Amino acid sequence: MDKQLQIYNTLTRKKELFKPLNPNHLGLYVCGPTVYGDGHLGHARPAITFDVVYRYFEHLGYKVRYVRNITDVGHLENDADEGEDKIAKKARLEELEPMEVVQYFTDRYHNNMDQLNVKKPSIEPRASGHIIEQIEMIKKIIDAGYGYISGGSVYFDVEKYNKDYNYGKLSGRKIEELIQNTRELAGQTEKKQSFDFALWKKASPEHIMRWPSPWSDGFPGWHLECSAMGCKYLGEEFDIHGGGLDLMFPHHESEIAQSTIANGKAPVRYWMHNNMITINGKKMGKSLGNFITLNEFFVGEHDALEQAYSPMTIRFFILQAHYRSTVDFSNEALQSAERGMKRLMTSISALKDIKASDSSEYNVNELKDKCYAAMNDDFNTPILIAHLFDGLKAINSAKESKIKLTKEDINTLSELYHTFIFDILGLVDESGNGNDNDELVDYLMNFIMDIRMNARTNKDWATSDKIRDELATKGIVLKDSKEGTSWSFE
RNA sequence: GGUCUCGUGGCCGAGCGGUCAGGCAGUGGUCUGCAAAACCAUCUACAGCGGUUCGAAUCCGCUCGAGACCUCCA
């Protein structure tokens, strides 16, 4: 545990020793979802990645303020209805108030996050609740000379900014390339340059999500909310900003530009980006229409799914890959994850059954050090999990009395596994492992198993097997071992 | 087209200069009235071709292949 936490910083493209701005405090901002549809597997990735970051910092004793926004003023859509607000469009189609749609999908998102055991952020601000802050920020940018008004909208002058600063310091992009490559879109004639981005957009008459501003009735630009809310709750400069790799450009690059002008300093010390989840090698996403929603995973209702996958299977599957790598979805991989996690959980619950010895044949502290080293190396959860699986061998061998562990070893192991599996990785044992808390069920099961045990003692296999088969039809599985019979729900 | 990333055993996925990744599957055992499960052990790798080095999956070059971003996107 003496090795210090290293974080890969997208700004420098290398791992850096993490140093908080304020000792023992962490400011963490992560771009949350746009609530105009159900969350899909891709949304689970940043949520779980930064949930683990959040949990690990808390475990290390930091006081963390974790801000994850809800984008509810919409973004522009690129299909037939260019310039129309996504949320407004959905609302009109379904004849609902925009905020009704927002509420509906926000609730469903929260429900998914609870299922995945993703902790609630400290603050979950909504863009629509921070229009005033965003307008104030636009004013600052205009006053500084980096924003210009055109046709009732306000745009950020990227070219001017780039002369004084560096538009591209995060993404590695160069403005000359942008000039050549940015696609011309309808309605861009208002802008000085195609790559200038909107700070405020004037609403068209049919646009129903709108707010008054000094420039027009309209809505804030796509990148502004994160800058405004990050600044409001975490300060002009804060420690970590996270999000999906696909947000790096232009979203995060533009955040840096806006905040740098409005506040006179770069907003973020460490930028962290999680990689994408792919399906058949292609990014799973809204635009490709190849996404599978989390609810579909949980019930198994999607053509691509062979079965339902529990929230913890999804969580474990994601954590088995490093957050900066792509992970490819497949039924086979998820089933592997499901089986592996089940074995992990079974062994952890077996810890309490180990008989202590006077001497020790296993170095628990070495395992502990390795676990911390893995997490300290840019949150390397796959390595952590590998070490924890290694430790399983010791646990299981001790359970079979093949190696010796002291009382202290067992306690340390128990604490270690609970800390890393449950507290830091945020996994939950879904199996129940026979310890369901319904007293009546326990009573009945013990009663039935007692009868069956008598039958078995009398070698009355017909009765014994009938009980087992009958219970199996109700999803209750009996397992006979030399210590006796245990039961669990399938 | 521009910028960048990646190609690891049957599958998934770490490692990024020298020592075991790990999981799932497979195989061989143990246990068991049978079944299921569990446990132990264990075999296959580093896209191709050159180069640097005492030594390369790991560094460099080229070739082939895949993907991401450049437009909303986690």
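By convention in this document, chain letters (A, B, ...) are assigned in the order of the sequence lines, proteins followed by strands, and residues within each chain are numbered from 1. None of the values given here were measured: they were computed from a predicted structure.
B/rG51 and B/rG9 have their C1' atoms separated by 27 Å, given to the nearest Å. Atom name P, nucleotides B/rU53 and B/rG1: the rounded distance is 36 Å, in whole Å. B/rA66 and B/rU42: their C1' atoms are spaced 33 Å apart (whole Å). Comparing the C1' positions of B/rC70 and B/rA14 gives an interatomic distance of 31 Å, to the nearest angstrom.
For A/Asn274, no side-chain nitrogen or oxygen approaches OP1 or OP2 of B/rA74 to under 4.0 Å. Taking side-chain N and O atoms only, A/Asn280 has no distance below 4.0 Å to OP1 or OP2 of B/rG67. Between A/Arg173 and the phosphate of B/rC69, there is no side-chain N or O to OP1/OP2 separation shorter than 4.0 Å. Within the structure, every side-chain polar atom (N or O) of A/Lys174 is placed at least 4.0 Å from both OP1 and OP2 of B/rC70. Applying the 4.0 Å criterion to OP1 and OP2 of B/rA14, one finds that A/Ser325 has a side-chain N or O inside that range. Remark: A/Arg343 is in phosphate contact with B/rC39, judged by side-chain N or O atoms under 4.0 Å from OP1 or OP2. Residue A/Lys282 places at least one side-chain N or O under 4.0 Å from the OP1 or OP2 atom of B/rG67. Contact annotation: A/Arg68 does not reach the phosphate of B/rA74 (side-chain N/O to OP1 or OP2, under 4.0 Å).
Between A/Tyr155 and A/Phe195, the distance from one ring center to the other does not fall under 6.0 angstrom. Annotation: A/Phe329 is in aromatic contact with A/Phe297 [ring centroid separation under 6.0 Å].
Between the side chain of A/Asp465 and the base of B/rG33, at least one donor-acceptor pair of N or O atoms lies under 3.5 Å. For a distance-only test at 3.5 Å, the side chain of A/Lys283 qualifies as a donor-acceptor partner of the base of B/rC73. Interface remark: the A/Asp390 side chain does not form any donor-acceptor pair with the B/rC20 base, using a distance-only criterion of under 3.5 Å. With hydrogens and angles left out, the side chain of A/Arg13 and the base of B/rC4 share no donor-acceptor pair within 3.5 Å. Taking only distance into account, the side chain of A/Ser464 meets the base of B/rG33 through a donor-acceptor pair shorter than 3.5 Å.
Looking at residues 307-314 of chain A, you'll see that no heavy atom sits under 4.0 Å from any atom of RNA chain B.
Donor-acceptor pairing under 3.5 Å is recorded for the side chains of A/Asn112 and A/Gln115.
Ion pairing between A/Glu366 and A/Lys370 holds under the 4.0 Å rule for side-chain N and carboxylate O. Comment: A/Asp480 engages A/Arg452 in a salt bridge, judged by a side-chain N to carboxylate O separation of less than 4.0 angstrom.
A/Arg68 forms no cation-pi arrangement with A/Phe50, by the criterion of a distance under 6.0 Å to the ring centre and an angle within 45° of the ring axis.
Where RNA chain B pairs in unbroken runs of 3 or more (Watson-Crick or G-U, both distances under 3.5 Å), the stems are B:1-7 with B:64-70, B:10-12 with B:22-24, B:26-30 with B:38-42, B:47-51 with B:59-63.
Residue pairs meeting the salt bridge (charged side-chain N to carboxylate O under 4.0 Å, His left out) criterion with at least one member in residues 270-295 of chain A, sequence neighbours excluded, are A/Asp246-A/Lys283.
The number of heavy-atom neighbours closer than 6.0 Å to CD of A/Glu470, taken from other residues, nucleotides and ligands shown, is 12 or below. Residue A/Asn280 qualifies as open at atom CG: its count of foreign heavy atoms under 6.0 Å is 12 or below.
Nearest nucleotide to the side chain of A/Arg339, out of B/rC24, B/rA68, B/rG33: B/rC24. For A/Asn396, counting side-chain heavy atoms from C-beta on, the closest listed nucleotide (B/rG10, B/rC39, B/rA21) is B/rC39. Of the listed nucleotides (B/rC39, B/rC11, B/rC73), B/rC39 has the atom at the smallest distance from the side chain of A/Glu400.
We find that CZ of A/Phe316 is positioned 14 Å from P of B/rG22, with the value rounded to whole Å. If you measure from atom CG of A/Asn275 to atom C1' of B/rG7, you get 14 Å, rounded to the nearest angstrom. B/rG22 atom P lies 11 Å from atom CZ of A/Phe389, rounded to whole Å.
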* Asked: Can A/Tyr161 and A/Asp196 be said to form a side-chain hydrogen bond (donor to acceptor under 3.5 Å, both in side chains), step by step?
  -> CA-CA 10 Å; A/Tyr161 173 83; A/Asp196 287 348; over 6 Å; no
